[in-house]
There are 2 protein chains.
Amino acid sequence: MTTRVLVVDDDAHILRAIRIHLTACGYAVRTAQTGRAALRASAAEHPDLVLLDLGLPDLDGTAVIAELRSWSTVPIIVLSARTDGADKINALDTGADDYLTKPFSMPELLARMRAAVRRSGSPTDRDMVVATMDFSIDLAAKKVLSRTGEQVHLTPTEWAILEILVRDRGALVSQRRLLSEIWGPTYRTETNYLRVYLAQLRRKLEPEPARPRYLITEPGMGYRFQD
Amino acid sequence: MTTRVLVVDDDAHILRAIRIHLTACGYAVRTAQTGRAALRASAAEHPDLVLLDLGLPDLDGTAVIAELRSWSTVPIIVLSARTDGADKINALDTGADDYLTKPFSMPELLARMRAAVRRSGSPTDRDMVVATMDFSIDLAAKKVLSRTGEQVHLTPTEWAILEILVRDRGALVSQRRLLSEIWGPTYRTETNYLRVYLAQLRRKLEPEPARPRYLITEPGMGYRFQD
DNA sequence: AGCGGTCGTTAGGGATGCGTCAAGATCGGT
DNA sequence: ACCGATCTTGACGCATCCCTAACGACCGCT
């Protein structure tokens with residue numbers, strides 16, 4: 001299992017240097033040069049680690065961290081040229097996991113990356129199959145079986161929504177997180193989509209689609225999978 | 001819930017200085033001057049965080065980390081006078097979560113401690129579930145269960161208020177803070193809102209809404225969640 | 001006793017959010 | 001180029017929630 005890293009920096013040279021190093025060490029590298037691009041890439045690719053430079057042209061670095069943290073728990077290591085202590089504290093308190101001041105040594109960065117990935121490692125080792133009274137969901141095989149045992153066909157988008165809700169079953173998932181993870185951060189207000197797809201999921205899964213029992217709406221906040 | 005920190009250093013002066021700082025910041029501090037004492041204290045007290053100096057008289061620092069990691073996942077932050085890069089990498093790869101080189105700034109250490117503790121808070125965080133005799137509040141899942149086990153439905157505004165009060169449970173929260181955080185700084189005088197929503201929360205949570213036991217009013221000051 | 005201030009309670013109108021349906025638009029495979 | 005599956009987009013009715021205002025109760029103060 002290769003670790004996927006998203007590297008964010010506005011300087012193309014640094015980007016290239018880091019990419020070469022990390023690729024040589026066995027990481028799968030994606031890059032972004034702006035804050036918005038970083039958010040888009042995070043939502044689309046779900047990297048296992050983010051290396052973030054604070055000096056971006058479009059967004060403040062802490063704003064990127066805050067936005068990311070509103071729906072993701074991916075480890076974030078900040079790389080910054082600023083030696084100011086206040087920047088460090090701000091970044092860490094906003095949600096960054098580590099902070100390195102440029103120039104840094106490559107071996108140290110690699111060690112801190114290993115530490116960050118190790119820490120975040122596999123809290124998702126939960127049961128891969130979730131069974132209810134009316135259907136069962138196999139997260140590993142990406143299959144849904146009805147009570148009679150026949151397979152329920154889900155479209156890719158339907159599956160994406162169901163997977164997020166089931167992975168955090170019982171917990172409330174904000175519509176912002178759903179929209180960010182599936183359509184990208186720019187669609188945060190298109191709650192239309194969620195209404196449509198939740199209706200479709202209910203029609204396929206719920207015994208009484210009009211009175212949902214598993215796919216619960218929490219008005220104004222989000223949705224919840226109740227098993 | 002106060003965070004318990006184990007500070008390990010062979011220099012009694014440094015130990016004392018750190019203890020004073022951390023205690024002032026609300027941490028519960030235990031100290032140890034040797035590697036063996038540190039391991040003993042970890043096993044006995046299960047601290048939430050370990051601050052570890054590498055230059056110990058009896059054991060090598062990395063040995064302490066390895067021993068600790070053989071049975072515990074407690075966050076470890078290494079404090080060391082050694083600037084050698086190899087030490088850093090060794091410590092991090094053995095299982096340390098962070099590494100600060102002396103001398104470091106106290107605000108930075110505190111920020112990194114907050115980051116480390118935040119990360120270690122697993123989804124099944126104990127602090128995230130507040131149980132009383134009449135209901136239980138799951139802050140992570142945004143769920144309230146009544147004593148009979150059925151879910152209590154709260155509106156977004158009700159949740160926002162309850163969340164703030166419960167996060168600082170036991171402490172007095174001023175009406176100005178509640179109004180500022182939920183409706184924005186311009187609504188600081190609309191204490192009407194609070195009266196209405198506190199009444200709704202009491203009707204949903206309190207066994208005797210007319211005689212509140214959990215959602216206490218401190219006249220002229222603010223509100224308090226008493227568990 | 002009278003009075004001003006703060007708090008609790010209630011109820012209703014307006015705004016917002018949700019479920020539903022259906023019609024284009026887009027994509028992918030034959 | 002066609003066709004089915006899937007994804008977007010808009011519109012409508014309906015339920016719910018937020019805000020607001022009004023009234024009464026309970027203090028401390030003059």
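In what follows, every chain begins at residue 1, and chains take the letters A, B, ... in the order their sequences are listed. Please read these numbers as outputs of a predicted model, since none were measured by experiment.
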Using a 4.0 Å cut-off on protein heavy atoms (strictly under), produce a 5'-to-3' string for nucleotides 5-18 of chain D with B for base contact, S for backbone-only sugar-phosphate contact, and - for none. -SSBB-------SS
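- Put simply, CD1 on Ile216(B) is 17 Å from C1' on dT6(C), counting in whole angstrom units.
- Between the side chains of Thr157(A) and Thr155(A), no donor-acceptor pair of N or O atoms lies under 3.5 Å.
- Rounded to the nearest 0.5 angstrom, Ile76(A) CD1 and Leu79(A) CG are separated by 11.5 Å.
- Side-chain contact of Tyr27(A) with Asp48(A): a donor-acceptor pair under 3.5 Å is absent, judged by distance alone.
- Between dG17(C) and Thr217(A), no contact under 4.0 Å exists linking OP1 or OP2 to a side-chain N or O.
- The CG atom of Leu59(A) lies 4.5 Å from the CZ atom of Arg36(A); values are rounded to the nearest 0.5 Å.
- Between the P atom of dT6(C) and the CE atom of Met221(B) lies a distance of 14 Å, rounded to the nearest Å.
- You'll find the side chain of Leu162(A) reaches within 4.5 Å of the side chain of Ile137(A), heavy atoms only.
- Rounded to whole angstrom, the span from the CG atom of Leu179(A) across to the C1' atom of dG17(C) amounts to 14 Å.
- The distance between atom CD of Gln175(B) and atom P of dT6(C), rounded to the nearest whole Å, is 9 Å.
- Taking CG of Asp53(A) as the start and CZ of Arg82(A) as the end, the distance is 8.0 Å to the nearest 0.5 Å.
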